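Every heavy atom of this structure was used, including side-chain atoms; hydrogens, water molecules and symmetry mates were not. All values derive from a computational prediction rather than experimental measurement.
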Amino acid sequence: MTFLFKEDSVNLIIGNREYKTGNLGLSEEMAPSIMFGSSKFSEEIPSFAIRNLVVSAPDQQFVFPLNESIGTLVHDTQGKVRGKAINPVWLINRFYHWNLLYSHSSETTAGYSYDTNLGNFVYFNADSLYTLDLRHNSWSGYKHAGLPVKMRLGTNFFCPDTRSVYIYEVDKSLNEYTVCSLDLATGEAKEVSSAHLSSQRHHHSSYLDTLNNKYYIFGGFGLRKYANTLEVYDLDKNTWSTMHLKGDFVAPRFFSSMGALESGELLLFGGTGNPSGDQSLGKNYYYDLYKINLQDSTITKIRDYSYKGPNIVPVRNQVLSADGTSFYTLCYPMQEASSYLQLYKFSLLDDSYEVLGNAVPMESKAILSNANLYYSAEREEFYCCTQEFDEHGGQSSVIRFYSLSAPAIAANALCVYKDGENSYLYFYVIVVAVFILLFLLFCIRIKKRSKQTLPVMFEENRISVRVEGKKSLPTNTLYLFGDFTVLDKKGRNITHLFSSKIKQLFLLILLNSIGKKEGITSSYIYGLLWPEKEASSAKNLKGVAINRLRKILNDVEGAELLYINGHYSIKLSNNLYCDYKDYLSLMGRIKQGNSLQEISQSLIEVLSRGKFLKSIDDSIFDFFKSDQESELHEILMIELENLYFKAEYEQVIQLADIWLKIDSLSSTALWYFLNSCHKLKREDQAMKRYYLYVAEFSKSMGSSYHLSYSDIIHNDLRMSFQ
């Protein structure tokens with residue numbers, strides 16, 4: 001729209017059409033009030049999007065990017081406030097915040113896939129098929145006749161030629177058939193193949209070559225071994241075969257990511273494993289990138305990314321950028337039970353990467369839990385799907401679908417402006433920080449003065465005080481909470497004597513001995529620690545390790561290694577303190593009806609060292625970890641609810657504090673802590689805890705916490721965290 005003051009006319013251009021009107025009585029100067037949307041002149045305005053607004057005259061120009069993310073103030077390109085938006089919806093948030101589209105649960109193993117023909121998601125289980133229509137945001141489904149393949153993992157791929165989902169299980173232990181097809185149009189399921197691989201392949205990466213009708217999977221975990229082979233399923237022949245790769249060595253791994261670079265070329269990225277493939281030797285995390293040429297079966301290492309941060313693994317698929325200079329994938333710290341997914345953009349030109357969007361929460365306690373990334377070029381949206389299985393080995397799962405507008409942005413692009421309304425917040429934070437600093441300095445000065453005057457105050461009536469010697473170090477002590485630590489009968493730290501394999505052996509026997517457990521058999525030890533060895537070789541290795549362990553335990557009074565009725569066990573006497581044994585005793589007292597409040601201090605002392613088996617990263621102990629965490633969380637949840645209902649707010653605060661020491665991001669514990677403090681009018685204590693939680697959340701999740709202090713204390717527990 002152009003105002004021509006001298007000609008007393010206005011030109012309006014919409015698309016290729018121009019409209020002009022004159023004789024308006026315009027003066028040579030004017031102060032326009034420019035409005036978009038509803039106003040006092042017009043209330044019924046359809047929704048629309050606007051950006052890069054330019055208001056100009058011959059001698060000046062104002063440009064409004066309209067890239068704010070919060071508030072109502074509008075800035076120009078210089079960052080100066082020039083206007084105000086009433087009830088704005090800042091679209092930039094759609095490029096940073098993942099939007100939950102839908103969630104669904106199933107009591108039996110389920111799977112999901114992306115229908116590239118229609119741009120919808122499909123979700124299926126043993127007897128049902130559902131569709132998530134992304135265009136209309138609708139969910140519909142129906143019963144089908146049943147699948148000839150009994151699903152355990154729910155692994156599958158979508159075939160666009162037939163618009164069918166191929167559901168497969170590489171392990172034949174559960175099925176006569178291992179591959180079947182499910183027609184998305186009719187719901188008809190057909191047996192396809194009984195071909196299978198030699199072992200299970202948990203968390204393999206995958207890619208479908210639609211030109212040659214071949215489906216590739218790489219790596220995976222099964223029979224306590226990591227794989228590094230490229231397996232090919234031929235859709236025309238319905239057979240599996242192994243492509244023997246030449247070139248650079250790729251360490252055996254699982255949790256890797258694969259995608260297409262060009263026709264006949266694949267990209268392979270990251271994962272966790274080790275060069276030997278032996279699961280008992282621990283895990284290394286890889287951030288390397290390889291190119292696989294399918295024509296000549298060669299694999300070439302391209303680079304190692306300069307990643308710095310907590311250990312992460314990618315999901316099984318990738319999305320190549322439109323210009324072909326980078327690829328996207330989702331990554332997450334799978335070693336954390338309450339984990340989170342983050343969108344990463346890795347450059348193909350150098351070793352740089354970007355972290356985009358906010359975090360997507362995911363419970364990764366069960367090995368079956370998984371996630372995947374998809375992209376719609378038509379809608380310019382990324383899609384994230386998470387599937388969380390029952391951590392206790394069940395087949396029930398919950399799947400969630402999320403969307404994120406492209407191009408995704410990083411956190412620093414979300415909050416461009418720090419003035420205006422936000423300046424009050426920054427001013428408040430600065431004032432509080434200065435006040436706290438002055439208060440600390442005042443306390444330090446008072447403390448120094450008290451130390452100087454103390455002798456004078458008691459000069460006339462001296463009191464003889466017996467000075468204790470230095471506190472002796474504990475002896476015969478075994479810590480399983482926090483860092484694994486062993487102190488012998490002289491108080492010496494002998495943890496270094498436990499090599500990786502000896503430590504695994506010791507913990508396997510110990511954890512299967514405490515309580516009413518009778519120990520562990522030799523065959524079970526072989527299978528977990530030396531699965532790749534023949535029986536005679538594994539027996540020799542076990543004998544050497546057992547002898548070594550006996551020698552180490554000779555220096556620890558109260559720990560005896562026994563072999564009774566074909567079972568190895570470790571007997572702990574009262575001469576040795578084991579924090580895990582103490583923990584189990586405390587849990588037993590609670591189950592017998594003792595109040596948790598009565599033993600809370602003892603429990604705090606045990607848990608203050610850190611999480612159970614914190615320094616042990618071997619997956620063979622994941623069950624013991626998850627079992628301990630689940631039991632503790634269940635007890636704390638019940639006790640907190642009961643005490644809060646009885647208005648025992650002081651006790652609730654203490655127990656919620658225990659929970660937050662174990663799980664610093666527990667939203668439930670935070671709710672109980674803040675609301676109990678609020679009931680006791682301890683707002684300072686509550687605010688301090690809230691800001692500590694917000695800081696920890698931002699550090700761990702890479703995004704800002706979405707609930708304010710007021711949101712939590714003015715809503716019930718369930719509403720607060722929806």
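Aromatic ring orientation, His203 versus Phe254: perpendicular (interplanar angle above 60°, classes split at 30° and 60°). Taking the six-membered ring where the residue is Trp, Phe382 and Tyr375 present tilted rings, their angle falling between 30° and 60°. Aromatic ring pairs are classed by plane angle as parallel below 30°, tilted from 30° to 60° and perpendicular above 60°; the pair Phe269 and Phe346 is tilted.
Separating the OG1 atom in Thr155 from the CG atom in Asn370 is a distance of 9.5 Å, to the nearest 0.5 Å. Distance OH/Tyr207 to CG/Leu261: 10.0 Å, rounded to 0.5 Å. To the nearest 0.5 angstrom, Asn156 atom CG is 11.0 Å from Leu208 atom CG. Summarising the geometry, atom OG belonging to Ser206 is positioned 14.5 Å from atom OH belonging to Tyr233; distances are rounded to the nearest 0.5 Å.
Side-chain contact of Tyr168 with Tyr215: a donor-acceptor pair under 3.5 Å is present, judged by distance alone. Defined by atom type and a distance below 3.5 Å, a donor-acceptor pair is missing between the side-chain atoms of Ser164 and Ser181. Defined by atom type and a distance below 3.5 Å, a donor-acceptor pair is missing between the side-chain atoms of His678 and Asn675. With hydrogens and angles left out, the side-chain atoms of Ser630 and Glu634 include no donor and acceptor closer than 3.5 Å.
Residues passing the side-chain hydrogen bond (donor to acceptor under 3.5 Å, both in side chains) test with Gln628 are Tyr583, sequence neighbours excluded. Asp622 is linked by a salt bridge (Lys or Arg N to Asp or Glu O under 4.0 Å) to nothing, counting only residues two or more places apart in sequence or in another chain. Evaluation of the side-chain contact (heavy atoms from CB on, under 4.5 Å) rule for Ser376 yields Tyr114, Glu378, Arg379, Tyr383 as partners, not counting sequence neighbours. Under the ring pair (Phe, Tyr, Trp, His ring centres under 6.0 Å) criterion, Tyr286 pairs with no residue at all, not counting sequence neighbours. Here Thr272 pairs with nothing under the side-chain hydrogen bond (donor to acceptor under 3.5 Å, both in side chains) rule; sequence neighbours left out. Asn317 pairs by the side-chain hydrogen bond (donor to acceptor under 3.5 Å, both in side chains) definition with nothing, not counting sequence neighbours. Remark: Ala110 engages Ser106, Tyr123, Asn125, Gln387, Ser397 in a side-chain contact (heavy atoms from CB on, under 4.5 Å) (not counting sequence neighbours). By the side-chain contact (heavy atoms from CB on, under 4.5 Å) test, Ala85 is found to be paired with Val74, Pro88, Trp90, residues two or more places apart in sequence or in another chain being considered. Applying the ring pair (Phe, Tyr, Trp, His ring centres under 6.0 Å) rule to Phe124 yields no partners; only residues at least two apart in sequence or on another chain are considered. By the ring pair (Phe, Tyr, Trp, His ring centres under 6.0 Å) test, Tyr644 is found to be paired with Tyr649, Trp671, Tyr672, residues two or more places apart in sequence or in another chain being considered. The side-chain hydrogen bond (donor to acceptor under 3.5 Å, both in side chains) check on Ser364 picks up nothing, with sequence neighbours excluded.
Residues in residues 137-148 take part in these salt bridge (charged side-chain N to carboxylate O under 4.0 Å, His left out) pairs, two or more places apart or across chains: Asp127-Lys143.
More than 12 non-hydrogen atoms from other residues, nucleotides or ligands lie less than 6.0 angstrom from OH of Tyr142.
Side-chain contact between Gln279 and Ser619: present, with at least one pair of heavy atoms (C-beta onward) separated by less than 4.5 Å. Two residues are said to be in side-chain contact when any heavy atoms from C-beta on lie closer than 4.5 Å; Leu197 and Ile217 meet this criterion. Put simply, the side chain of Tyr402 does not reach to within 4.5 Å of the side chain of Leu404, judged on heavy atoms.
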Point to revise | ring pair (Phe, Tyr, Trp, His ring centres under 6.0 Å) evaluation trace for Tyr353 with Tyr305 | key: CA-CA 8 Å; Tyr353 65 91; Tyr305 286 96; 7.3 Å; no

Exercise for review: For the pair Phe121 and Tyr374, evaluate ring pair (Phe, Tyr, Trp, His ring centres under 6.0 Å) and give the outcome as yes or no after the intermediate values.
Suggested key: CA-CA 10 Å; Phe121 278 102; Tyr374 304 94; 5.4 Å; yes

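Across every non-hydrogen atom of Thr329 and Ser257, the tightest pair is OG1-OG, 3.5 Å. Closest approach of Gly271 to Val313, counting heavy atoms only: C-CG1, 4.4 Å. When every heavy atom of Gly219 is checked against every heavy atom of His204, the shortest pair comes out as O-CB, 3.5 Å. Counting all heavy atoms, side chain and backbone alike, Leu182 lies closest to Ala189 at CD1-CB, 4.1 Å. Between Leu101 and Ser403, the shortest heavy-atom distance links the atoms CD2-OG, 3.6 Å. When all heavy atoms are compared, the tightest approach of Met334 to Lys283 is CE-CE, 3.7 Å.
No donor-acceptor pair closer than 3.5 Å links the side chain of Ser698 to the backbone N or O of Ala695. Although no hydrogens or angles enter the test, the distance criterion places no donor-acceptor pair under 3.5 Å between the side chain of Asp618 and the main chain of Ile620. When atom types are taken as modelled, the side chain of Lys190 and the backbone of Asp183 share no donor-acceptor pair closer than 3.5 angstrom. Listed for the Gln200 side chain is no donor-acceptor partner under 3.5 Å among the backbone atoms of Leu223. Remark: the backbone N or O of Phe624 is not paired with any side-chain donor or acceptor of Asp627 at under 3.5 angstrom. Looking at Glu169, its side chain never comes within 3.5 Å of a backbone N or O of Val179 through a donor-acceptor pair. Distance alone, capped at 3.5 Å, is enough to place a donor-acceptor pair between the Glu388 side chain and the Glu363 backbone. A donor-acceptor contact shorter than 3.5 Å is absent between the side chain of Ser676 and the backbone of Val652. A donor-acceptor distance shorter than 3.5 angstrom exists from the side chain of Gln342 to the backbone of Gly357, with no hydrogens or angles considered. Without hydrogens or angle criteria, Asn274 side chain to Gly282 main chain gives a donor-acceptor distance under 3.5 Å.
A cation-pi arrangement is absent between Arg253 and Tyr226, since the terminal nitrogen or guanidinium carbon is not both under 6.0 Å from the aromatic centre and inside a 45° cone about the axis.
In this structure, His104 has its ring center closer than 6.0 angstrom to the ring center of Tyr130.
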